[in-house]
Amino acid sequence: MLKEKKWDKSFEEEILKDWEKDWEKLYGFSNQKKLRLDELYSIDTPPPYANAPIHIGQASAYIWKDFFVRYQRMKGKKVLFPLGIDRNGLPIEIAAEKKFGISAHEIPREKFLEYCRKILKEASDISTKDFKRLGITYNSYEKGKNAWNVYYTDDEEYRALTQASFIYLYKKNLIYEDVKISNYCPRCRTTIADAEIAYEEKPTYFNYVKFKVKETNEEITVATTRPELLGACKAILFNPEDKRYKHLEGKHAVIPLYEREIKIMAHPIAEVEKGTGLVMMCSFGDYMDILFFREQKLDPLVLINKEGKMNEHSGFLAGLKIKEAREKITKELEEKGFIEKREKTTHKTPVCERCKEDLEFIEMKEFYLKQMDFLKDLRKLQKEIRFFDEKSRNILENWIDSVSMDWAISRRRFYATEIPIWYCKKCNHTIIPEQKKDEIKYYQPWKEKPPVDKCPKCGSKEFKGEQRVFDTWFDSSISVFFLASRLAKTTDFEKIKEYLPFTLRPQGKEIIRTWLYYTLLRVFQLTGKKAFENVWVNYHILVKKGEKMSKSKGEKIEPSKIIKKFGAEAFRLWSAVEGNLHKTDFIISEKKIAAEEKFLIKLWNISKFISKFEWKEVEKFDEKNLVETDKWFLAELEKVRKKIDVSFSTYNVYRATTELRHFAWEYFASHYLEMVKKRAYNTENKFGKNDCLSAKYALHKSLQTILKMLYPVIPFITYKIYKEIYGKNICLEKFPEKIGVESKIKAGLEEVSQFNSKVWNMKKEKGVSLKEGISNIEIPENLRFMEKDLREMHNLS
RNA sequence: GGGCCUGUAGUCUAGUGGUUAGGACAACGCCCUUACAAGGCGUUGGCCCAGGUUCGAAUCCUGGCAGGCCCACCA
């Protein structure tokens, strides 16, 4: 018998304590020795950032992952549900720079890393508390070296594996160093990859700048948003079809202020309609410029240095920051009469995804990982992966189709994995560490000596360590490989391979082009295999229609506040029934979360009612003796059970939960329970003993089945009810097996509920209260088998 | 400019050719009924628009309109 009058969110705390005592037994992953691969359900979970509390969208997404794993455990799988904390890269560095008011490039490296570690120390575990409170059952919240312990992406063993993968690929000639025009962030002072570019709508000016044609002395006007690059201008183009400028072909223009002569050329990339129809080509204002310089084999004249400032080639602008230079040259041009007019405009500017600074195109020498040669393989490979939902595959396919150059993997930053290379100071020979397959090491070339005494080429003993680090996606993209290596308990790639593919990669749609794409690429390059069987892509929780949750807007709805207000369970239920997270964004509302508590109360009351009848009394009841009504209901329940099982196994928790909730509330509580109530009580002895026992047995059997099926979604309440009524831990129960009760009755649940509604409506029309009797009601032919129950229920005469 | 996705009651969402278009919130009416008034029962209300395919379209096709995302460009 349930003691408490109703479900209360305060019970959750005690329940968590119960679980915590037995965490390993309930949710752990410690019996690896007997692990069979066909029993393994492995997930490569997205590591949340160490220095940011989780937001509500993440909370929902991780809750969904918990739905999956709780279900899989019930199905007998050994579930590897690891937790990683992402601690690498720019977000940490930027946080450190901000907090301590320093610039990474201006203080000693060791010192800066200390500041980063300080940030990380304060930040640690900021999100795991919320996860645990939400009932998310990672295998462990303790940091350690076992597969099921929390891992940090800046662990030495993780970084060592990243470096080992680099060495492996370098030796396979998949990595090369080259000077190319790169996307360069002047704020972070590093090259970034195409996948790290974002675009922002920013206000700027079109400046209509007057040039003089040397040969004819006429004036021509070119519009530009980048006047500071005037000095880097190498050509002015017009469209071959443009009659206005045809006569300028082959002539020369004089750059104002710089007085340099440049060619005027006809070229199809110039469009008649845009600006004045004339466009200047500078090194390098945008991607078109790069293509043009490459095509014409022009020597670029670069005006911007690696600090994001104008260099000596820019003449009077030298030393200024780009924006200052833009202002200064505009003023200068205006004063000297070279500006015809200025127009305000906005345009989408490529910015650094991390720090939002405007990007520049600068020629840099960087390490590249070959990816162009693998696009074909990846297109094929992704077809062998199952996507939930199928439409998310498009995002990946589109990205694969738009990859246009190899991946620049080196970064000029600090708190990241170092590139494990040394150079001979004398002959510049490259030293790459040799290592055994199962004995890898973490290298820090900027402060360590190389693993050789002397240069194998020239014998010199003087070396220089590589200063650069890896793009953090180069680390992140082997998370699954790292987890597999923990399972394999070795760093031998051949053995790691056996644990791939993992069963599931759950992740957000916004990191398909990075995390998912790079992982597939990297795992394929390292093992020739696909990384995952299934990819589950979650969409977003929105504040309003079409409006993303964003910190800057001040509309943050924090998980901790939601938990405090409504409890974890109501939030879990809301996450499951508000919409199908892998199909659509959905909109959060406190009202709806609060409303989910109603079902919890309902479930509690149903259970409280059934708990009035001792389970012990009917535990041994022989199903052969079930009366027709009960057989019929259990057979209906079996139909539902089957559907729910399929929905859960295909990650459609939305469908499973809404269907289950409706069944429990509508058919089970409102109809079946009302129908058999009198028979179960049997206070006036109108029914035989077997009839009474049959009702009690069917009620308990139904309740057990429903509780178990609800457990993956709402584990707190189902745990408490199950424990109090049946004295067992629901976390260790199996998903309900087939209910083997056969019924020949054809009537469906719908027909019964229609009949009941009819009676209730008639009573209402006649102004009769529900418990009063009513006469002249005909019981339909197909419901005759439960006539006695119906008569008692409605007090029919 | 190109691509992808979405459009279902006041709101949030299921539903891929045949359903009386399902559920939740809100609204309204009635009811303390031996689990439940933090409740129960009931009621109202919906497929963006226009064509087409089909015996039949929320669902498929075409074209609009609206929103979101991605890519490219921005002189």
Side-chain angles (χ1 to χ4, degrees), chain A residues 2 5-8 194 197 199 204 206-209 221-226 236-238 269-281 285-288 345-350 389 391-395 397-399 401-404 509-510 512-513 539-540 542 545-548 573-574 577-580 583-589 591-612 652 654-655 657-659 661-662 665-666 669-670 673-674 677-678 681 683 750 756-757 759-761 763-765 767-772 793-795:
Chain A
L2 292 183
K5 194 166 182 296
K6 59 174 197 280
W7 168 256
D8 191 289
D194 288 349
I197 302 176
Y199 290 87
T204 183
F206 272 143
N207 300 283
Y208 289 76
V209 180
T221 310
V222 180
T224 178
T225 55
R226 302 290 305 268
I236 287 178
L237 308 182
F238 62 88
I269 63 173
E271 287 176 42
V272 180
E273 302 297 322
K274 284 189 180 174
T276 61
L278 291 172
V279 56
M280 61 179 209
M281 290 285 124
D286 61 40
Y287 198 65
M288 288 310 294
T345 180
T346 61
H347 72 104
K348 272 191 182 166
T349 315
D389 185 81
K391 75 181 179 193
S392 302
R393 186 192 301 279
N394 291 332
I395 304 175
E397 280 178 337
N398 287 350
W399 178 250
D401 288 340
S402 69
V403 171
S404 62
K509 69 171 173 184
E510 74 288 353
I512 289 178
R513 70 176 186 174
Y539 285 67
H540 294 305
L542 308 176
K545 202 158 204 152
E547 223 172 88
K548 258 195 219 169
L573 187 55
W574 173 83
V577 300
E578 189 67 359
N580 194 343
K583 290 202 173 194
T584 182
D585 293 338
F586 56 79
I587 294 166
I588 188 161
S589 104
K591 231 178 186 175
K592 300 285 288 284
I593 299 172
E596 301 310 337
E597 219 183 344
K598 283 187 187 176
F599 178 68
L600 302 179
I601 291 168
K602 186 74 188 176
L603 183 65
W604 188 264
N605 283 319
I606 293 168
S607 307
K608 196 166 74 181
F609 167 66
I610 295 173
S611 75
K612 288 186 167 190
N652 198 337
Y654 169 82
R655 180 178 285 175
T657 312
T658 46
E659 184 145 9
R661 178 175 60 168
H662 190 241
W665 205 325
E666 186 70 12
S670 297
L673 208 139
E674 293 294 341
K677 198 190 256 178
K678 290 255 168 79
Y681 278 125
T683 38
E750 200 52 41
N756 289 335
S757 293
V759 179
W760 285 324
N761 270 327
K763 285 187 177 178
K764 190 182 166 189
E765 276 164 29
V768 180
S769 91
L770 286 180
K771 68 175 177 186
E772 274 178 73
M793 171 184 183
H794 295 296
N795 200 2

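Values below: all heavy atoms of this structure, side chains included; hydrogens, waters and symmetry mates excluded. Labels below follow one simple rule: chain letters A, B, ... track the order of the sequence lines, proteins then strands, and each chain is numbered from 1.
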>> Whether the side chain of A/Lys602 and the base of B/C36 hold a donor-acceptor pair under 3.5 Å is what I'd like checked.
In response: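 Pair found.
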>> What I want to check is whether an N or O donor and acceptor connect the side chain of A/Lys592 with the base of B/C12 at under 3.5 Å.
In response: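 Looking at the base of B/C12, it does pair with a donor or acceptor on the side chain of A/Lys592 (distance under 3.5 Å).
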>> To check you understand the geometry: which heavy-atom pair defines the closest contact between A/Val222 and A/Thr276, and what is its length?
In response: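 For A/Val222 versus A/Thr276, the nearest heavy atoms are CA-OG1, 3.9 Å.
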>> Can you give me the closest heavy-atom contact between A/Glu578 and A/Tyr654, atom names plus distance?
In response: C-CE1, 4.2 Å
Is the shortest side-chain N/O distance from [X] to OP1 or OP2 of [N] below 4.0 Å?
X	N	answer
A/Lys509	B/C4	no
A/Thr225	B/A75	yes
A/Asn394	B/C5	yes
A/Lys583	B/U6	no

Considering only atom [atom1], compute the distance from [N] to [M] and round it to an integer number of Å.
N	M	atom1	result
B/G7	B/C49	P	13 Å
B/G46	B/A26	C1'	15 Å
B/U62	B/U54	C1'	16 Å
B/U20	B/A58	C1'	15 Å
B/C61	B/U53	P	15 Å
B/U6	B/G56	C1'	26 Å
B/C48	B/G42	P	29 Å
B/G22	B/A72	P	45 Å

> Is a side-chain N or O of A/Thr658 found less than 3.5 angstrom from the main chain of A/Arg655, in a donor-acceptor match?
Replying inline: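 Flag set: sc A/Thr658 to bb A/Arg655 pair under 3.5 Å.
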> For B/G17, which nucleotide is its Watson-Crick or G-U wobble mate, given both distances must be under 3.5 Å?
Replying inline: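 With both distances under 3.5 Å required, B/G17 matches none.
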> What is the distance from atom CD1 of A/Ile601 to atom NZ of A/Lys5, rounded to the nearest 0.5 Å?
Replying inline: 10.0 Å
> With sugar-phosphate meaning primed atoms plus P, OP1 and OP2, does A/Ser670 contact a base, only sugar-phosphate, or nothing at under 4.0 Å between heavy atoms?
Replying inline: sugar-phosphate
> Hey, does A/Trp665 reach any base, or is it just sugar-phosphate, or nothing, if we go heavy atoms under 4.0 Å?
Replying inline: sugar-phosphate
> Aromatic rings A/Trp760 and A/His794: how do their planes relate, parallel, tilted or perpendicular, breaks at 30° and 60°?
Replying inline: perpendicular
>> Nearest heavy atom decides the nucleotide; on that basis, is A/Ala270 or A/Trp604 closer to the 5' end of RNA chain B?
In response: A/Trp604
>> Can you tell me which nucleotide in B/C41, B/A26, B/C36 comes closest to the side chain of A/Glu674?
In response: B/C36
